[in-house]
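Report on the following structure.
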Number of protein chains: 2
Amino acid sequence: MPQTEIATVIDHPPADILSVAARCFEERGYDATSIDEVARGVGATKGRVYHHFRSKADLFAAVFRSGMAMLSEAVEPILERDYAPVEKLRRLASAHTRTILSTKAFQRVVWEGVEMHLRGATTPGQREALDALARARNTYGEVFRPVMEAARRDGMLDYPNPSVALQLFLMTLNSPVIWYSPREDETEADRERLVAQTVDFAMAGLGERKAMAA
Amino acid sequence: MPQTEIATVIDHPPADILSVAARCFEERGYDATSIDEVARGVGATKGRVYHHFRSKADLFAAVFRSGMAMLSEAVEPILERDYAPVEKLRRLASAHTRTILSTKAFQRVVWEGVEMHLRGATTPGQREALDALARARNTYGEVFRPVMEAARRDGMLDYPNPSVALQLFLMTLNSPVIWYSPREDETEADRERLVAQTVDFAMAGLGERKAMAA
DNA sequence: CGTTGACATCATACTCAGTAGTATGTTCCA
DNA sequence: TGGAACATACTACTGAGTATGATGTCAACG
């Protein structure tokens with residue numbers, strides 16, 4: 001794989017470093033996480049980390065992008081399909097939330113990245129880097145908007161301000177990264193129930209018309 | 001006021017330090033905020049801050065408790081009143097969210113405190129302090145539960161797992177501390193609309209039965 | 001009524017630990 | 001043999017916490 005590395009601009013970031021870094025950032029937060037800590041986590045030293053990443057911020061960005069990629073990958077196949085808007089939105093939300101739970105460490109880092117971006121204060125240097133990440137995140141979020149709006153035009157959803165609605169919707173789907181912590185004896189069915197309840201809450205929040213039974 | 005200070009165990013924490021600290025923590029986060037920064041914010045030096053607070057964590061805790069007090073104060077009068085459960089829950093949610101917006105800096109700190117608590121990793125010393133804060137926060141949150149459950153028994157709400165429902169509910173109401181940022185020309189009516197939409201989303205999320213018009 | 005002394009309230013000037021980043025080896029493989 | 005992939009051993013700096021000094025205020029006392 002190394003060979004001459006013909007301009008593989010997307011260098012192969014070692015997966016072990018990424019996952020350990022994700023877990024560190026998840027458990028301690030960006031500032032409280034030290035590079036040495038990450039290095040120990042992979043059974044190495046700073047040297048290895050700094051050989052693959054220019055800086056701590058760069059490592060963070062890599063984990064962030066990795067997490068975003070997981071989300072995009074999970075959602076993409078649904079976007080191409082041809083569902084009715086409400087149905088499509090619901091499926092998107094389910095896939096999203098399921099991925100949130102199954103890749104929690106990475107998604108927690110994405111969350112922190114968003115938080116860091118929304119905080120005003122950072123050095124101008126970090127700012128543009130954070131803006132780039134936030135743009136990617138925002139672009140992803142905007143994927144939901146047209147589907148949501150189409151469903152509203154169908155009379156299947158009901159909300160006043162679309163931007164606020166989208167914020168609340170995504171916030172709800174993402175919130176498990178904060179409060180969800182899998183129990184020991186947690187089954188697959190348990191997790192799926194959690195996904196269902198979260199998605200139901202979010203869809204209902206958008207004013208989803210109940211399917212009048214009988 | 002100083003006199004002999006007859007066991008006023010609740011020392012008078014200077015309000016200016018608290019509010020400046022709240023804004024610093026809001027804008028930079030706990031780790032990135034330095035005591036010197038807070039001191040400069042109030043036109044003083046470290047000496048003043050450390051005279052009133054034993055440590056940075058202590059200052060943070062004071063801001064946290066202050067924020068919690070604001071919420072409790074806003075919600076208390078409604079708790080005493082005698083509304084139908086759904087109506088009561090809605091009013092509680094409105095008062096809560098309104099306070100979230102009007103005291104955003106403090107509430108952002110409360111949020112970070114919760115996040116810090118939910119992260120596994122901290123030194124045993126900080127842990128018990130954080131646990132104490134989280135307990136206070138949790139006690140407050142639990143105030144909503146019986147009202148919510150009563151409303152469900154009335155058939156006015158519908159959700160499977162109460163704990164998850166409460167999490168999603170509170171998360172929704174609190175989420176503005178993250179993404180809300182008042183515009184220049186924002187009117188009181190604008191803000192009230194935002195409160196309304198947020199509360200509507202949260203209540204609908206709990207499966208609130210629509211009042212069938214006509 | 002002036003003095004004194006104790007204490008609260010701060011400012012100044014340090015110490016010291018942790019950590020991001022770097023400079024320089026060392027090893028191993030194609 | 002040259003370069004990729006690391007390890008080691010630094011540097012430099014930030015920032016929490018402390019020790020100590022300066023200032024004012026009030027209360028009791030002579």
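Computed over heavy atoms, backbone and side chain alike; hydrogens, waters and symmetry mates excluded. Each chain gets a letter, A, B and so on, in the order the sequences are listed, and its residues count up from 1. All values reported here derive from a predicted model rather than from experimental measurement.
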Whole-Å gap separating [atom2] ([N]) and [atom1] ([X]):
X     : N      : atom1 : atom2 : value
B/D36 : C/dT12 : CG    : P     : 12 Å
B/R48 : D/dG17 : CZ    : C1'   : 19 Å
A/R54 : C/dA20 : CZ    : C1'   : 15 Å
A/L59 : C/dT19 : CG    : P     : 15 Å
A/D58 : C/dG21 : CG    : P     : 10 Å
B/D31 : C/dA20 : CG    : P     : 11 Å
A/F53 : C/dG21 : CZ    : P     : 14 Å
B/F60 : D/dG17 : CZ    : C1'   : 19 Å

Which one, [options], comes nearest to the side chain of [X]?
X     : options                : answer
A/S55 : C/dG21, D/dT8, D/dG17  : C/dG21
A/Y50 : C/dA11, C/dG21, D/dA7  : C/dG21
A/K46 : D/dA7, D/dA9, C/dA11   : D/dA9
B/S34 : C/dG21, C/dT12, D/dA16 : D/dA16
A/T45 : C/dA11, D/dT8, C/dG21  : D/dT8

(message) I want to confirm an ordering. Mapping A/G47 and A/I35 to their closest nucleotides on DNA chain C, which one lands closer to the 5' end?
(response) A/I35

(message) Show, in sequence, the C-alpha distance, side-chain angles and deciding distance for A/F169 and A/H96, and conclude whether the ring-ring contact (aromatic ring centres under 6.0 Å, His included) test is met.
(response) CA-CA 12 Å; A/F169 184 71; A/H96 178 92; 8.6 Å; no

Side chains of [X] and [Y] only: does a donor on one sit below 3.5 Å from an acceptor on the other?
X      : Y      : result
B/S72  : B/E76  : no
A/E37  : A/T33  : no
B/E115 : A/W111 : yes

(message) Using 30° and 60° as the class boundaries, would you call the ring planes of A/F64 and A/F60 parallel, tilted or perpendicular?
(response)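 Rings of A/F64 and A/F60: tilted, 30 to 60°.
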
(request) Determine: side-chain N/O of A/H52 to OP1/OP2 of D/dA4, distance under 4.0 Å, yes or no. (result) no

(message) Looking at B/H51, I'd like to know whether one of its side-chain N or O atoms comes within less than 4.0 Å of OP1 or OP2 on C/dA11.
(response) no

